[in-house]
Structure formats: C-alpha cells, structure tokens
Amino acid sequence: MTAAKSQPSRKKSCSLTLQASFLLCATVIYIGVIGTQFKLARLIGNHDAYINSRGGFHYSLSGDPSVRREKATVKKVHMSEEELKSQYKVLATSTASKWNLTAPNAVELLEQQFTKEYDYNPDTDFFHFHHLYKSGGTSISDLIDNTLGLPKVGKWYEKILPGSYRSGDMNHKEALEDITRRLAQGTPREELPYRASYAHTGLRPVYGPQKTETGEFLLKHLPHKRLRGVTMLREPTDFRASNHAMIMCGLNAEVVKFNNERAKQGLEQICSPKEGLNISELIDRKIQTILDKCKDPNNVNAQQKKQCKDEESGIDTLDHCRSAAHLLASPKYDKHYRSMFKGLMGRFHRGQKFGGTAKGRMNYGFERAEESEGYSVEAVEEYTLEDLGGLDQTISAIGDIDSPEPDFIWFGITERMKESTSLFYYYFRVPPLEQVPDARVQSCRPTAWWSDKDKATVKEREPADYALWRAANAIMDVRIMKMQMEIQAKLDDGESKESMPHVD
C-alpha cells in the first residue's frame with residue numbers, strides 16, 4: 001500500500017474525529033432503540049457497548065468471581081452481517097481516534113483484527129521471542145518457560161530450545177549440541193520437542209543479505225517448522241529512561257544502594273528530585289568508586305583505566321548520566337537512542353530496508369527512521385497495523401512472497417502487562433499462572449527523575465517510535481475486545497468459565 005504524506009492535513013484529522021463521533025452517536029441511539037434492559041459493560045477506554053460473534057449485545061463478567069451472570073436480564077439481538085460489520089467499524093473508528101491514528105486506512109486495518117483468524121498450532125509452529133532490552137522481556141521469558149516450556153528437565157525446559165537466555169543473546173552452539181544429541185539418540189527431526197526460543201537476539205530477517213544468525217539457524221535445523229515471532233514494546237520515553245538508568249549509567253543500583261542507606265536510618269524511600277533524590281550526587285559517588293578502584297591497577301580493566309585517566313584530566317565521563325536533560329543534550333542520545341523500535345519489526349515502514357535485529361544491541365544505535373526514504377507518520381502506523389498486527393503474512397525481506405518473513409503471532413506492551421498476559425494465555429491456550437513473573441521490576445521507576453519537559457522533548461524527537469507505539473496500543477485494544485466477545489459468546493452458549501482454563 002502507498003504511504004500517505006508525512007503531515008496529515010487538519011481537514012483529514014477533523015474528518016476522522018467527526019466520523020468517529022457520528023458513528024458513536026449512532027451506536028448509542030441504536031442501543032436506546034433496542035431496549036433499556038440491556039446491561040452494558042465497560043471494556044476499554046470509552047467503549048461502553050460491544051457485541052458477541054453472533055451479533056448479540058451483552059455485558060462482560062467483571063473479573064470478580066463473586067459476580068454472577070444474570071441471564072434473565074439479557075436479551076439477545078441477532079444482527080445481519082452488515083450490521084455486525086457496522087459495529088466493528090464503530091469500535092475500530094473510536095479506537096483509531098483514541099490513539100490519534102492518521103493513516104487513511106487505519107480504521108479498515110483495525111476492523112480486520114476483529115475477523116482475523118488466530119492460527120497458532122503448537123505441533124507445526126515454532127516462535128522466537130525477541131527480547132528488547134528493558135521492555136519487560138525477562139518476565140515474559142519466565143512466563144513462556146512456565147507455560148509452553150514445561151516440563152523442566154535439568155537446566156532446560158523441555159519445549160524451549162536450549163541456548164535461549166532470558167537476559168542474554170542466543171547461544172547457537174548450545175542449541176545445536178542439544179539438537180545433535182537428540183538426533184543421535186534416534187529422535188526424528190520432525191519430533192524434536194522445541195516450541196519456542198527467546199533471547200535479546202532478533203529473528204528477522206531470515207532471508208536475504210541481512211539475514212540474522214538465529215533466522216538462518218532455525219531455518220536450517222528446524223526446516224519442518226513454521227517460524228513465527230513474538231515481542232514486547234514499551235512507552236518510548238519509559239523505554240529510554242529505563243535503558244539510560246540501567247544499561248548506560250548503572251543508576252538503578254545506585255538508587256537502591258542510596259535508599260538502603262536511608263532505610264538503615266529509619267527514613268523512607270525516595271525516587272524523584274521533588275522528594276530530594278539527587279541523581280548527580282549519585283553519579284559523583286559512582287565516579288569516586290571507580291577512582292578508588294584505579295588506585296590498584298590490577299583491580300581495573302582497560303576501559304576503567306581510561307575512564308580514571310579522563311576523570312583525572314578534568315573530563316566528566318558520566319556527564320550524560322547526571323539527568324535526563326544531560327542525556328538529551330549529549331551526543332550519546334543521537335548515537336544510541338534514536339528510533340529504538342527499529343529492532344522490533346526490523347524496519348518502520350515498507351520503504352525502509354530490513355535489519356537491526358541480529359544482535360542484542362544494548363546501546364541500540366539505529367539510524368533515524370525519520371530520515372529514511374518513504375517515511376511518514378502514516379506509513380509507520382499503516383505498516384505497524386499490518387506487520388505487528390499480523391495482517392500481512394506475505395511481507396518479505398527479499399521481495400519474494402514465497403519466502404515471507406516470520407509473522408507476529410503475539411506482542412505485549414510493558415505498561416499493559418495484565419492485558420498482554422491475558423492475551424498470551426488465550427492465544428496460546430495455556431492456563432494462567434497464579435502470578436505473572438515480575439523479574440527486575442524497579443520500585444523506583446527511572447522516569448521519576450525525568451521532568452515533563454524531558455518527556456516532551458522525546459515525544460518531539462521520536463515521532464516514528466510514538467507512531468508505532470500508538471498503533472500497537474490500538475491493535476491491543478481491539479484484540480482485548482475481540483477476546484472478550486468470544487469468551488462472552490461461549491458463556492452465552494452455556495459454557496462455564498471452568499471449561500476455558502486458558503481464560504485469565
């Protein structure tokens with residue numbers, strides 16, 4: 001599809017908003033006509049009514065086991081196919097408006113999510129989870145282990161390809177050793193137990209000159225499997241703040257140490273400058289620790305020796321760590337934190353070349369999406385809705401529809417972890433865990449020391465990342481609605497919640 005121009009006209013934006021308002025008003029009138037006796041439950045945002053797969057209005061279970069269904073108060077209204085499509089359009093239009101999507105076909109693509117068939121097959125599919133640094137991926141890796149990976153045998157989970165690391169790169173040598181061992185023991189290749197792998201290492205592209213080592217490895221050693229992808233993304237400013245705090249500057253550990261010292265004095269934890277947290281002072285402490293270590297040359301590596309030498313000559317080696325404002329003013333921001341979601345799908349839009357997911361890139365360092373040929377906010381929205389949304393399964397890095405890239409079967413959003421995991425259980429038909437793993441969740445969030453001005457600067461600088469993030473949230477909204485519709489339809493047909501063990 002041809003991307004729209006980069007700056008949508010005000011007329012187009014107003015038209016979308018007016019259309020959304022008109023359709024929402026029409027829905028309210030329709031509900032009033034068919035009867036005031038219907039109980040309508042809130043789903044997401046301002047969506048007050050929804051329909052089941054057979055076209056009947058109904059309300060949702062609240063999630064509280066103590067709330068019982070009141071069948072006597074619900075009357076079903078069967079709709080024609082056209083009426084059903086009309087309701088999908090209402091929900092898709094309001095969702096596109098909610099997330100400020102300006103791609104001309106955004107509503108149409110969101111409508112397709114309602115009718116998209118979920119086709120995961122554990123016997124024929126193999127998926128790789130590409131864990132972007134600081135996106136909640138360690139928790140998701142643990143979730144995969146304890147659902148699809150079971151049983152655990154020794155060091156590894158039986159259904160997880162060895163060499164997968166919850167917070168590390170893919171170890172292809174370990175993976176090959178296990179495959180070779182099983183084949184030597186007489187296991188046919190088609191009966192190898194693996195269902196998934198995970199790592200900071202990316203999967204895409206699996207074809208072409210930029211193909212990843214992981215993609216090439218899986219195509220060679222699991223040729224009978226359909227390769228698919230799952231991933232996680234995070235609000236773009238939170239994403240940068242967390243990477244800056246932990247990966248680039250090691251601030252999380254300093255904040256924890258500082259608050260532990262306060263606790264010993266009977267003082268409460270503080271997390272923001274308003275509360276008295278001074279990040280720059282913590283950096284001074286960090287630098288002094290390094291200088292003290294440098295007093296013994298045998299106690300430091302070459303990089304630390306250089307850092308000490310620079311500090312002694314008056315260079316502030318961690319100036320970019322003293323605050324978000326310091327980072328934003330530093331050349332290191334442009335070097336490491338531009339267009340960080342390039343690693344998610346391998347590109348932002350159809351005009352951009354695939355690449356950038358091959359290695360676990362701790363400091364990222366991608367080219368700016370905004371400078372790529374064919375870029376526009378609308379192009380990014382459209383491509384995200386099609387690719388991350390799993391609508392176009394012919395996307396190819398080499399332009400060959402017979403060699404498509406692995407499609408995305410599921411994705412999660414860090415700040416919507418509960419909804420993300422509910423979709424995971426539902427899609428993969430696995431019983432929910434009693435508690436979602438929450439590895440490495442910080443009690444002091446790094447964005448606590450980012451000012452409103454700092455956050456606004458990132459939004460202004462990174463329109464591509466924010467366009468992708470908005471589109472992803474819109475997809476999730478629709479998927480949550482669709483899931484609840486399907487569950488409610490089964491309840492209406494007399495099935496019990498106990499008969500659906502994969503429903504959270």
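The first residue of the sequence shown is numbered 1, and numbering continues consecutively from there.
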Would you check if the side chain of [X] reaches a backbone N or O of [Y] as a donor-acceptor pair within less than 3.5 Å?
X	Y	result
E312	K309	no
T447	W450	no
T201	M170	yes
N105	E108	no
S403	D400	no
T457	K453	yes
Y120	F428	no
S420	I413	yes
N473	W469	yes
S242	F239	no

Under 4.5 Å between any side-chain heavy atoms of [X] and [Y], yes or no?
X	Y	answer
K152	E158	no
R166	I140	no
V380	Y375	yes
L291	C308	yes
I160	F129	no
E370	S339	yes
Y198	D145	yes
V206	P406	yes

Any donor-acceptor N or O pair under 3.5 Å, side chains [X], [Y]:
X	Y	result
H128	S197	yes
T138	S167	yes
S451	D454	yes
D284	Q288	no
R262	Q269	no
N278	S280	no

[X] [atom1] to [Y] [atom2] distance, which is reported to the nearest 0.5 Å:
X	Y	atom1	atom2	value
D319	K332	CG	NZ	10.0 Å
T231	L132	OG1	CG	4.5 Å
S94	W99	OG	CH2	12.5 Å
M246	N252	CE	CG	6.5 Å
L391	I475	CG	CD1	7.0 Å
T289	Q304	OG1	CD	11.0 Å

Could [X] and [Y] be called an ion pair, given the rule that one side-chain N must be under 4.0 Å from one carboxylate O?
X	Y	result
D296	K293	no
R204	D387	yes
E386	R350	yes
R416	E419	yes
E462	R338	yes

Worked verdict on R470 versus E381 for salt bridge (Lys or Arg N to Asp or Glu O under 4.0 Å): CA-CA 8 Å; R470 291 195 311 273; E381 291 175 356; 3.1 Å; yes
Aromatic plane relationship, W156 with Y165 - under 30° parallel, 30 to 60° tilted, over 60° perpendicular: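 Plane angle over 60°, so perpendicular.
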Ring geometry between H244 and Y337 (parallel below 30°, tilted from 30 to 60°, perpendicular above 60°):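 Plane angle over 60°, so perpendicular.
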ring-ring contact (aromatic ring centres under 6.0 Å, His included) pairs, two or more places apart, involving residues 203-228: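 Residue pairs passing ring-ring contact (aromatic ring centres under 6.0 Å, His included), neighbours aside: H172-F217, F217-H221.
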ring-ring contact (aromatic ring centres under 6.0 Å, His included) contacts in which one or both residues fall within residues 377-420, not counting sequence neighbours: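 Found W410-F424.
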Near-ring test F341/F348, centroid separation under 6.0 angstrom: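 Aromatic pair excluded; centres sit 6.0 Å or further apart.
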H200 and H131 aromatic centres sub-6.0 Å: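 Distance test on ring centres: under 6.0 Å, yes.
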Using salt bridge (Lys or Arg N to Asp or Glu O under 4.0 Å) as the criterion, list what pairs up with [X], not counting sequence neighbours.
X	result
E261	R285
E177	none
E405	none

Worked check of side chain to side chain contact (heavy atoms under 4.5 Å, CB included) between Y194 and D178: CA-CA 11 Å; Y194 321 120; D178 196 76; 2.7 Å; yes
Where at least one partner belongs to residues 217-238, residue pairs that pass salt bridge (Lys or Arg N to Asp or Glu O under 4.0 Å), sequence neighbours excluded: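 Qualifying pairs: D119-R226, D119-R228, D125-R228, R226-D407, R228-D407, D238-R445.
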Verdict with supporting geometry, Y466 and T237, side chain to side chain donor-acceptor pair (under 3.5 Å): CA-CA 9 Å; Y466 270 97; T237 302; 2.5 Å; yes
Over all atoms of both residues, closest heavy-atom pair of L344 and H130: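 Heavy atoms only, the tightest pair is O-ND1, 4.5 Å.
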Shortest non-hydrogen contact between D504 and K418, atoms and distance: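 Distance-wise, the nearest heavy atoms are OD2-NZ, 2.8 Å.
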Side chain to side chain contact (heavy atoms under 4.5 Å, CB included) assessment of I279 paired with S323: CA-CA 7 Å; I279 295 297; S323 70; 5.8 Å; no
From CA spacing to verdict: side chain to side chain contact (heavy atoms under 4.5 Å, CB included), N243, M340: CA-CA 11 Å; N243 272 276; M340 292 176 75; 3.8 Å; yes
Intermediate values then yes/no, side chain to side chain contact (heavy atoms under 4.5 Å, CB included), K342 and Q352: CA-CA 10 Å; K342 170 73 181 295; Q352 193 175 25; 4.0 Å; yes
Flag if over 12 foreign heavy atoms under 6.0 Å of NZ, K459: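 Count not over threshold, so no.
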Trace of the salt bridge (Lys or Arg N to Asp or Glu O under 4.0 Å) decision for D465 with R240: CA-CA 11 Å; D465 274 5; R240 286 163 173 77; 2.6 Å; yes
